[in-house]
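Quick note on labels: first sequence line is chain A, next is B, and so on, each numbered from 1. The analysis underlying the following values was restricted to heavy atoms, covering all of them including side chains, and did not include hydrogens, waters or symmetry mates. Predicted model, so just to flag it, every value in this text is computed and none were measured.
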Amino acid sequence: MEEAAAPERERDRKRPRDGDMDPSTSAGAPPSTAAAVAGASGEAQYVYLPVADALKAPGARVCLFAAVSEIGAAVRSRGTDFTLTLRIVDQSRASGISVTFFADNTALLPCVRSSGDVISLHNVVITMHHGEFFVTYNKKFSSFALFEGKASTECRPYQCSLKYHGSKHDNEILTQMRMWLVYNPPGLKDLELQLRSIKSDSTFDLVCKVLDVHEASNGVRILYVWDGTDTPVTEFPMILDSKSVSPPPLHLEGAPLPREVLCTLPCVGSVLRVFANRLFKEIPHLQKGIYWARFCNITCKQEFSMWKGILLPSSRVRLLSNEDGSVVDRLNRINTQIHRQPMACLCSASDIADVEYERAGYTTLMESLTHGEVTHKFKTLVRVVAAHPHRASDLCSLLAGNRCVRLTLEDPTARVHAFIHKDDGAKFFGGFLTAEALTRKMNRLLGIPEDTEEGAPLTRNPPWIWCCLKSYRLNKNDPWGTRRYRIFGTEIRD
DNA sequence: TTGGGG
């Protein structure tokens, strides 16, 4: 950490001490004074203050050199301008400070490529609102320049305002800031969870790739987000509704996703549906697919034993790019992910089922749903969420007759209904069993424990089972619309 | 002027 501290000491020496400072930038100076002072050669020199020091001079024009930690979206102000908010941090103020920009058109606003990029701000004003400090960029006399972050050695800004004049020490300070960023990447937060560790009814931050945004008819927006991990297994109510004929839902949205959208979803890891009741101004930017996002202070709950993310009134959406520290962290894990099988059963793959389809490799449900052909044979690892019928008496008569049993299967990537056809039923259950034996097998599949004397749990936890599935179509004129899944070559063990 | 974690 010594290396990280060194640049600041270097910078301290370059900066005049309080007593030497141009009086125009001292606390209490009239707002009209400028932070720029004429150098000996006549060119403007800019005195960069640490953010913490700048706060001592509210109302004065100051110059700052800091890293961008959060990127807001450009929107129309209530006046005539466009506005944009960035959060910036430097060594003196880890919590950072919000900077508000105004401009006649969006092209004049800073367009930050990635959090962790560096920004130089000339002649901005420190203001206070509700006891909190802000930086205001005034389009009449402020100017800015944006530089790439720590990975770059390029000293020219990739964007600067028309009036921006580079200062003598810009390159040096930029290099120091980049060195500091190596050890202090902005944006890593305590509350930041991965999808694999989300919990009901708590609030947390989530850094995710937004795969799609869908507006429901009632104005609710559904964001399909993903970080490569699996959401935790959910719990299912112990009481099965034997009267209900309608199958359990396969997804939270009303209508299934169009196939062209479905086929863009990744085959490994869970896609969380995040519901937003109002339009956060960043959401349209997410649809362009340039940015990852940090969802700050969001919550989630389980609905139909499926995870549902919810954007609260107090939630915020911040844009990140592929270069952001938190994103790089996730991409590294996704790219090196060897285990494609559900994270929850890596060390405890159940041996409840025997499968015959040995030649086939493991396939996730999403991989099959997005498979190029309607017919698909594969082996997968799933939990049995529900069964219809599930009572032994119904099962016996069904299996003896000519009808199917419908199972609802899920893995971290998707849910599907799969049918056990008459011919496969005896194989699946291991022969024509007594009602008691059938009940025992079905209960094991559904995660219903054997009769216990006391303290019967309210929820069940179905085991992971290996299972062979094949898909087929009912109608060749509508192959995808009539696609069905069928279990084969699978036997439930005693 | 606007905007200020809605």
Side-chain angles (χ1 to χ4, degrees), chain A residues 31-32 51-52 54-55 57-62 64 66-90 93-112 115 119 121 123-144 161 163 186-193 202-208 219-221 223 274-286 291-299 309-320 324 326:
Chain A
S32 59
V51 172
L55 302 186
R61 293 183 193 180
V62 294
L64 305 171
V68 179
S69 61
E70 293 180 6
I71 310 166
V75 288
R76 202 177 275 283
S77 78
R78 263 182 270 170
T80 56
D81 282 339
F82 289 87
T83 181
L84 168 80
T85 298
L86 300 179
R87 195 165 188 89
I88 61 169
V89 293
D90 71 359
R93 192 171 162 95
S95 62
I97 188 166
S98 179
V99 188
T100 310
F101 293 82
F102 294 100
D104 302 324
N105 67 70
T106 53
L108 299 174
L109 291 169
C111 182
V112 183
S115 51
I119 191 164
L121 292 164
N123 297 318
V124 289
V125 180
I126 305 292
T127 54
M128 187 174 252
H129 185 77
H130 291 309
E132 192 185 347
F133 286 113
F134 292 88
V135 175
T136 300
Y137 180 95
N138 187 304
K139 64 182 178 185
K140 291 198 185 71
F141 55 76
S142 304
S143 58
F144 74 85
S161 61
K163 288 194 293 257
L188 292 172
K189 300 217 175 99
D190 294 344
L191 281 172
E192 195 175 291
L193 297 184
S202 64
T203 57
F204 49 85
D205 289 5
L206 211 53
V207 171
C208 277
V220 171
R221 279 159 186 87
L223 288 76
V274 178
F275 287 70
N277 275 317
R278 65 180 174 89
L279 178 60
F280 288 76
K281 60 180 189 256
E282 291 80 9
I283 289 178
H285 293 252
L286 292 169
Y291 298 102
W292 280 54
R294 168 175 288 113
F295 297 94
C296 306
N297 203 46
I298 76 163
T299 189
I310 298 161
L311 282 172
L312 301 164
S314 60
S315 299
R316 297 172 316 271
V317 180
R318 289 294 173 256
L319 309 175
L320 308 169
D324 179 89
S326 299

Asker: Does A/Lys140 or A/Arg278 map to a spot on DNA chain B nearer the 5' end, using the closest nucleotide for each?
Answerer: A/Lys140
Asker: Restricting to salt bridge (Lys or Arg N to Asp or Glu O under 4.0 Å), what partner residues turn up for A/Arg221, sequence neighbours left out?
Answerer: A/Glu215
Asker: Contact class for A/Arg316 vs. all strands (heavy atom < 4.0 Å): base, sugar-phosphate, or nothing?
Answerer: base
Asker: Under the rule for side-chain contact (heavy atoms from CB on, under 4.5 Å), what residues qualify as partners of A/Ala54, not counting sequence neighbours?
Answerer: A/Leu49, A/Val62, A/Leu64, A/Ile126
Asker: Give, for atom CZ of A/Phe144 and atom OG of A/Ser142, the distance between the pair rounded to the nearest 0.5 Å.
Answerer: 11.0 Å
Asker: Pick base, sugar-phosphate or nothing for A/Arg87, based on heavy-atom distances below 4.0 Å to the nucleic acid.
Answerer: base
Asker: Distance under 4.0 Å to a non-hydrogen atom of chain A counts as contact; along DNA chain B, which nucleotides mark the start and end?
Answerer: B/dT1 to B/dG6
Asker: What residues form a side-chain hydrogen bond (donor to acceptor under 3.5 Å, both in side chains) with A/Ser77, not counting sequence neighbours?
Answerer: none
Asker: Map A/Ser98 and A/Asn138 onto DNA chain B by nearest heavy atom, then report which one ends up closer to the 5' terminus.
Answerer: A/Asn138
Asker: Just call it for A/Thr136: base, sugar-phosphate, or nothing, with non-hydrogen atoms closer than 4.0 Å on any strand.
Answerer: base
Asker: Mind checking A/Lys139 for me? I need base, sugar-phosphate or nothing, with any heavy atom below 4.0 Å counting as a touch.
Answerer: base
Asker: Can you name the residues that form a side-chain hydrogen bond (donor to acceptor under 3.5 Å, both in side chains) with A/Ser314, not counting sequence neighbours?
Answerer: A/Asn297
Asker: Can you tell me which residue pairs pass the salt bridge (charged side-chain N to carboxylate O under 4.0 Å, His left out) test with a partner in residues 129-141 of chain A, sequence neighbours excluded?
Answerer: A/Asp81-A/Lys139, A/Asp104-A/Lys139
